[in-house]
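Accompanying notes for the structure given below.
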Amino acid sequence: PNDFEHRAEFNEEEGRIEMYLVSLKKQRLPIYGHVFELQEGERILTEYSHKYSLSGFYELGKMAGFQSVKTFTDENDLFSVHLMRS
């Protein structure tokens, strides 16, 4: 863990946060019988965290056959929980 740095970047075009582990040095990683070689600065993508507007989430649910029943949000509409039915 000390040979990596965690980095989070917002990809505005894709509307998501991308999480990376960045190698702080050239290194070899033996994992389950395989050896992975990383260069200093090489990144490993570990997560996509997609961000949706309320209207965008309703549309996504509609495309999947769901209808919004109730939406709970924080006071700034930054976070939401949705009750939906098919």
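- Remark: Asn76 CG is packed, more than 12 non-hydrogen atoms of other residues, nucleotides or ligands lying under 6.0 Å away.
- The CD1 atom of Ile17 sits 12.0 Å away from atom CD of Glu12, with the distance rounded to the nearest 0.5 Å.
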| request: Go through Glu9 and Arg43 one step at a time and tell me if the salt bridge (Lys or Arg N to Asp or Glu O under 4.0 Å) criterion holds. | output: CA-CA 12 Å; Glu9 301 173 4; Arg43 304 183 315 168; 2.9 Å; yes

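- Inspection of the Lys51 and Ser49 side chains reveals an N or O donor paired with an N or O acceptor under 3.5 Å.
- The aromatic ring centroids of His82 and Phe72 lie 6.0 Å or more from each other.
- Cation-pi check for Lys62 over Phe66 is not met; the charged atom does not lie both under 6.0 angstrom from the ring centroid and within 45 degrees of its normal.
- One finds no salt bridge joining Lys25 and Glu40 here, because no Lys/Arg side-chain nitrogen approaches an Asp/Glu carboxylate oxygen to under 4.0 Å.
- Val35 and Tyr32 fall into different hydrophobic clusters, where Ile, Leu, Val, Met, Phe, Trp and Tyr side chains are chained together by heavy-atom contacts under 4.5 Å.
- Using modelled atom types, one side-chain atom of Asn11 and one backbone atom of Glu13 make a donor-acceptor pair closer than 3.5 Å.
- Taking the side chain as every heavy atom from C-beta outward, Phe79 and Thr73 never approach each other to under 4.5 Å.
- Without hydrogens or angle criteria, Thr46 side chain to Met19 main chain gives a donor-acceptor distance under 3.5 Å.
- When the side chains of ILVMFWY residues are joined at heavy-atom separations under 4.5 Å, either directly or via intervening members, Leu29 and Leu21 end up in a single hydrophobic cluster.
- In this structure, the side chains of Phe57 and Glu59 stay at 4.5 Å or more apart for every pair of heavy atoms.
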| request: Mind running side chain to side chain contact (heavy atoms under 4.5 Å, CB included) on Thr71 and Tyr58 for me, showing each step along the way? | output: CA-CA 10 Å; Thr71 301; Tyr58 296 145; 2.8 Å; yes

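- A donor-acceptor contact shorter than 3.5 Å links the side chain of Glu42 to the backbone of Gln39.
- Side-chain heavy atoms closer than 4.5 Å link hydrophobic residues (I, L, V, M, F, W, Y) into clusters, and following such links, even through other members, never connects Tyr20 to Phe4.
- Side-chain contact check for Ser23 and Gln27: at least one donor-acceptor pair (N or O, by modelled atom type) lies under 3.5 Å.
- Taken to the nearest 0.5 Å, the CD atom of Gln67 stands 6.5 Å off from the CZ atom of Arg85.
- Atom CG of residue Leu45 and atom CZ of residue Arg7 lie 13.0 Å apart, to the nearest 0.5 angstrom.
- Put simply, CG on Leu83 and OG on Ser68 are 7.5 Å apart, with the number rounded to the nearest 0.5 Å.
- Side-chain contact check for Ile44 versus Leu38: some heavy-atom pair is nearer than 4.5 Å.
- By the 30° and 60° cut-offs, the orientation of the rings of Phe36 relative to His34 is tilted.
- Between Phe10 and Arg16, the shortest heavy-atom distance links the atoms CD1-O, 3.4 Å.
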